[in-house]
Amino acid sequence: METAEQVGESLRQWRIMLGLSQELAAERADISIPTLRRIERGDPGVRLGSMLALASILGLNERITEAA
């Protein structure tokens, strides 16, 4: 669980550094605001596709691919 929370917090920090509101980030990632909030809280029940959609709009796809 701790790892999911760390990933969620990292995604939240990236979103904030990019100056994106939750609303705009969710819209760009084509996910709901509640889903975005669940991702940022580290909810392990969120679909991988939703997390990857958020990572994509934050410009983190390459980093995730390298890490995997």
Side-chain angles (χ1 to χ4, degrees):
M1 292 290 191
E2 187 174 316
T3 300
E5 291 171 4
Q6 290 171 340
V7 170
E9 178 61 21
S10 293
L11 291 172
R12 185 185 77 80
Q13 289 176 5
W14 272 104
R15 176 184 58 76
I16 291 168
M17 286 188 328
L18 293 173
L20 297 173
S21 66
Q22 286 185 331
E23 292 80 8
L24 185 56
E27 180 181 321
R28 288 185 181 176
D30 196 27
I31 59 176
S32 68
I33 293 170
T35 296
L36 173 72
R37 290 180 178 145
R38 288 177 57 211
I39 291 169
E40 291 186 349
R41 282 195 310 265
D43 183 338
V46 175
R47 288 183 34 237
L48 179 61
S50 297
M51 192 274 298
L52 292 175
L54 178 60
S56 177
I57 66 111
L58 298 177
L60 298 173
N61 276 354
E62 188 173 315
R63 288 181 180 209
I64 290 172
T65 302
E66 289 173 4

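Both backbone and side-chain heavy atoms feed into the values below; hydrogens, waters and symmetry mates do not. All residue numbers in this chain count up from 1 along the given sequence.
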Euclidean distance, [Y] [atom2] relative to [X] [atom1], rounded to 0.5 Å:
X	Y	atom1	atom2	answer
Glu27	Leu20	CD	CG	11.0 Å
Trp14	Glu40	CH2	CD	14.5 Å
Arg38	Met51	CZ	CE	13.0 Å
Asp30	Ser56	CG	OG	11.5 Å

> Do you reckon Leu11 sits in the same ILVMFWY cluster as Leu18, going by side-chain contacts under 4.5 Å, direct or chained?
Replying inline: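 Yes.
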
Side chains of [X] and [Y]: closer than 4.5 Å at any heavy-atom pair?
X	Y	answer
Glu9	Arg41	no
Gln22	Arg12	no
Val7	Ile39	no
Leu60	Leu54	no
Ile31	Val46	no

Mark yes or no for whether [X], through its side chain, and [Y], through its backbone, hold a donor-acceptor pair below 3.5 Å.
X	Y	answer
Arg28	Ile57	no
Ser10	Gln6	yes
Thr65	Asn61	yes

> Yes or no on side-chain contact (heavy atoms from CB on, under 4.5 Å) for Leu36 and Glu23, after CA distance, side-chain angles and deciding distance?
Replying inline: CA-CA 9 Å; Leu36 173 72; Glu23 292 80 8; over 6 Å; no

> Under 6.0 Å from the CD atom of Glu62, do we count more than 12 heavy atoms belonging to anything else shown?
Replying inline: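 Check fails, neighbour count at 12 or below.
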
>> Could you report the tightest heavy-atom contact between Arg15 and Ala25, atom names first, then the distance?
In response: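 Shortest heavy-atom separation between Arg15 and Ala25 comes out as CD-CB, 3.6 Å.
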
